[in-house]
Amino acid sequence: MQKVVLTELDTGERVVSERVAGVRSVSLGLWIGVGSRDERVDRAGVSHFIEHLLFKGSRRFDAQRIAETFDAMGAELNAATSREHTVVYARVPDRHVEEALEVMTDMVFAPAFTEVDQEREVVLEEIAMYEDTPQELVHDLFSEAVFGVHPLGRPVIGTAEVISTVSRRALAAYHRAAYTGGNIVVASAGNLAHEHLVSLLQRSERRAGSRAGKGIRVHRPLGRLPQPGVRFQRKDTEQYHLCLGATGISRSDRRRFAASLLDGILGGSASSRLFQEIREKRGMAYSVYSFLSQYSDTGIVGIYVGTRGENLATCVEICAEQIAEIAAGRLRPGELARAKENLKGRILLSLESTSNRMSRLGKSLVSDAELLTLERVMAEIDAVDTDELAELAAVLLAPERLAAAGIGDDDDVFRAAVGRADADLSRRAAA
């Protein structure tokens, strides 16, 4: 792995880079340590709304010029909002780094907040699109079932009620509070020297007028784990869309390597148990998988399956059976070794992308997570044994911890099916 270099600017920003030999591209990311879990309920969705508005024009560049500048470079420009951070990122030819940074810093630090009402309609359409996409919507419903009224239980995209009414003044005030030096990480990977990056960044930010400050990154702690819930939304769909799972572990928890292996064995690959048992052997679903998310103090672990009503109860039973098998330590010959090689291989392949290298750096720093060497990561994966994996499955996916969320056309079918996972879940589903 290449050498990673870190610098802290006078404004409080952290600049981290990794020079990658043999490429002619540079991936850049401006990471802001604020996301949907930092929002009050009457501001739900403002982080995502601001992300949209960054592209609508800044102090020096209007929306069309931003788009034309990156198109003329043959570059990629995008952004994303999560529960704990926002990022504006690009991949550009190395000769265009200065131009790209100049535009990106102006977008991030000096947005004009023009066309608020036009972009409001775009976000409302995006919310409507999610409402019409049950395989996506069920994940937000599942977060609510797991985290309840805590901000982690709300959709990142926000609510139509807030987006319809939030003012330009409120958006600008939130931006001023959150987009300050101590809350920002600038990450880079590719054909660019660290010292040159720092010099270009300082020049660009002076023009943009970046602000020093500590920022507002005080992620409201989860505290006591909420009681797992059951949520169902009726929609006229051909399939039932189900998520089943529980709170997981934080990104700094040493068990995260075991959690990744558990995910791979349970439903995270083509040879995983759920994919083989539900799709390949029985043909009961086109899409079935497990998933993990890790936050600063907690996480989420779950299973998704989309299937017709007559198959739903059987799919839930198979999920419960496979969880119990793993929790009992009954792994198949070669199963753990295959999962380890799969995970290590995917990590190695991902590092051939400057975008993935940049994201690894930026996400680690903005979330105050330890940045491990590749050798350390591989060693941690190799160190996981069957007992550790089984214990983690037994703890995280204990029947009494399971929450469930579903979308389909019959509440009774859903609640009867999820009751097959556990008697306590059945009681909660019937309530």
Side-chain angles (χ1 to χ4, degrees), residues 1-33 69-70 73-80 85-110 179-215 217 251 347-378:
M1 186 167 292
Q2 308 293 320
K3 183 180 180 183
V4 173
V5 186
L6 173 65
T7 299
E8 184 170 328
L9 305 184
D10 292 341
T11 56
E13 287 168 61
R14 288 163 291 170
V15 184
V16 62
S17 74
E18 181 178 8
R19 191 161 192 176
V20 181
V23 299
R24 293 300 309 274
S25 68
V26 176
S27 291
L28 301 164
L30 276 68
W31 298 76
I32 303 92
T69 296
F70 280 84
M73 298 182 211
E76 304 162 1
L77 176 67
N78 212 330
H85 67 259
T86 305
V87 58
V88 178
Y89 60 95
R91 188 164 71 98
V92 303
D94 53 14
R95 68 182 185 277
H96 290 303
V97 169
E98 182 173 4
E99 191 177 2
L101 268 177
E102 189 172 351
V103 177
M104 291 172 71
T105 53
D106 216 62
M107 290 168 60
V108 168
F109 292 107
Y179 283 57
T180 57
N183 217 21
I184 292 176
V185 169
V186 180
S188 168
N191 187 28
L192 179 63
H194 183 80
E195 297 76 12
H196 189 42
L197 169 64
V198 171
S199 175
L200 292 176
L201 188 63
Q202 289 174 323
R203 190 183 316 157
S204 297
E205 290 189 359
R206 279 196 297 270
R207 293 171 181 162
S210 63
R211 296 181 299 276
K214 294 182 178 180
R217 185 159 55 90
R251 66 173 63 90
I347 291 171
L348 285 171
L349 291 176
S350 74
L351 293 178
E352 294 191 357
S353 160
T354 58
S355 296
N356 287 337
R357 285 178 178 267
M358 180 278 294
S359 293
R360 171 181 170 271
L361 299 177
K363 190 177 292 185
S364 293
L365 259 71
V366 81
S367 59
D368 295 324
E370 185 181 6
L371 186 61
L372 302 180
T373 65
L374 179 61
E375 293 74 19
R376 171 76 181 280
V377 170
M378 297 300 175

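Every value quoted in this text rests on a predicted model; they were computed, and no experiment measured them.
Listed by chain and residue number, Leu371 satisfy the side chain to side chain contact (heavy atoms under 4.5 Å, CB included) test with Ser364 (two or more places apart in sequence, or in another chain). Ser350 meets the side chain to side chain contact (heavy atoms under 4.5 Å, CB included) test with Asn356; sequence neighbours excluded. By the side chain to side chain donor-acceptor pair (under 3.5 Å) test, Glu8 is found to be paired with no residue, residues two or more places apart in sequence or in another chain being considered. When the side chain to side chain contact (heavy atoms under 4.5 Å, CB included) test is applied to Val23, the partners found at least two apart in sequence or on another chain are Val20, Ser25, Asn191, Thr354. In this view, Ala75 and Phe70, Met73, Val92, Pro93 satisfy the side chain to side chain contact (heavy atoms under 4.5 Å, CB included) rule, not counting sequence neighbours. With sequence neighbours excluded, the residues that form a salt bridge (charged side-chain N to carboxylate O under 4.0 Å, His left out) with Glu76 are Arg91. Scored by the side chain to side chain donor-acceptor pair (under 3.5 Å) test, Ser199 finds no partners at all (sequence neighbours excluded). Residues satisfying the side chain to side chain donor-acceptor pair (under 3.5 Å) criterion with Thr86, sequence neighbours excluded, are absent altogether. By the salt bridge (charged side-chain N to carboxylate O under 4.0 Å, His left out) test, Arg376 is found to be paired with Glu370, Glu380, residues two or more places apart in sequence or in another chain being considered. Asn78 pairs by the side chain to side chain donor-acceptor pair (under 3.5 Å) definition with nothing, not counting sequence neighbours.
Annotation: the span from Thr7 atom OG1 to Leu197 atom CG amounts to 8.5 Å, rounded to 0.5 Å.
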- Can you list the steps and then say if Glu13 with Val185 is a side-chain contact (heavy atoms from CB on, under 4.5 Å)? CA-CA 6 Å; Glu13 287 168 61; Val185 169; over 6 Å; no
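A salt bridge is defined here as a Lys NZ or Arg NE, NH1 or NH2 lying under 4.0 Å from an Asp or Glu carboxylate O, and Arg203 with Glu98 meets this definition. Checked for salt-bridge contact, Asp368 and Arg251 miss the test: no charged N lies under 4.0 Å from a carboxylate O.
Val88 is listed as a side-chain neighbour of Leu77, based on a closest heavy-atom distance under 4.5 Å. Within the 4.5 Å cutoff, side-chain heavy atoms of Leu365 are placed close to those of Leu6. Here the side chains of Glu99 and Thr69 are in contact, with some heavy-atom distance below 4.5 Å.
With hydrogens and angles ignored, the 3.5 Å screen pairs no side-chain donor or acceptor of Ser204 with any backbone N or O of Leu201. Remark: the backbone N or O of Leu351 is paired with a side-chain donor or acceptor of Arg357 at under 3.5 angstrom. A donor-acceptor pair is defined here as one N or O able to donate and one able to accept, closer than 3.5 Å; such a pair exists between the side chain of Ser353 and the backbone of Ser355.
For residues 180-192, the set of pairs meeting the salt bridge (Lys or Arg N to Asp or Glu O under 4.0 Å) definition, not counting sequence neighbours, is empty. Contacts classified as ring-ring contact (aromatic ring centres under 6.0 Å, His included) and involving residues 180-205 (residues at least two apart or in different chains) are not found.
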